[in-house]
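Whatever order the structure lists ligands and atoms in, that order sets their numbers, starting from 1. If you're wondering where the values come from, they're calculated on a predicted model, not measured in any experiment.
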Amino acid sequence: MHELPKLEYSYDALEPFIDAKTMEIHHTKHHQAYVDKLNAALEAHSDLQSKTIEDLLKEINEVPEDIRQQVINHGGGHFNHAFFWNTLSKEGSKEPVDRIKEEIDNAFGSFDKFKEEFTKQASTLFGSGWTWLAADETGTNFHIHNHSRQENPLLHGHIPVIGLDVWEHAYYLKYQNRRPEYIEAFWNVVDWDRVNEHFKSLTK
Ligand code: MN
């Protein structure tokens with residue numbers, strides 16, 4: 001059974017950029033619902049219950065068709081939110097480090113140019129979805145890609161580096177319709193040390 005992961009920080013830890021009420025509802029209601037619905041979908045296929053969420057998504061074509069879309073929706077929702085929480089904090093480096101820095105510079109020219117492009121993509125994503133910085137299967141060739149709903153790079157054989165939730169539930173309480181302000185605030189809570197550690201764990 002999949003479980004809602006505990007946050008490594010308190011709900012108010014990202015204030016004022018992401019408010020405590022949004023964090024609490026996002027984690028205890030939205031993320032929890034994805035976990036519950038994923039578990040419900042897997043009930044009919046107990047052989048899949050021992051697989052990690054990463055493996056379920058990476059090997060999505062091995063998931064039986066009758067639950068494949070549910071695993072994409074709710075398994076994707078579970079993975080994406082767990083991933084998102086893990087890359088955020090107000091501590092840590094506010095600029096890319098180590099290999100992530102090199103790859104971003106290679107792909108975009110500079111961190112500023114990368115931020116500009118990522119911000120543009122996140123601002124223009126239509127409807128609900130996520131903006132991702134991802135690497136290809138070799139861990140290089142960084143690129144930005146918008147995915148609708150809860151789809152993510154793992155489903156396409158790629159490795160996520162950072163992801164930004166641009167569903168309205170991620171920002172509406174504090175920012176209402178002002179998505180660009182939420183995106184701007186996001187850059188203050190990306191912890192590039194955590195991003196680096198997380199990326200290393202996904203690429204080893
Ligand atoms: Mn969300």
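- Counting heavy atoms from C-beta outward, Asn73 and Tyr34 have side chains that stay 4.5 Å or more apart.
- Phe199 places none of its side-chain heavy atoms less than 4.5 Å from the side chain of Asp98.
- Excluding waters, the set of protein N/O/S atoms under 2.8 Å from the Mn ion (ligand 1) reads His26 NE2, His81 NE2, Asp165 OD2, His169 NE2.
- Atom CH2 in Trp132 sits 11.5 Å away from atom NE2 in His143 (nearest 0.5 Å).
- Few gaps surround CD on Gln121; more than 12 heavy atoms of other groups in view lie less than 6.0 Å from it.
- Summarising the geometry, atom CD1 belonging to Ile100 is positioned 9.0 Å from atom NZ belonging to Lys200; distances are rounded to the nearest 0.5 Å.
- A donor and an acceptor atom, one from each side chain of Trp85 and His31, are located under 3.5 Å apart.
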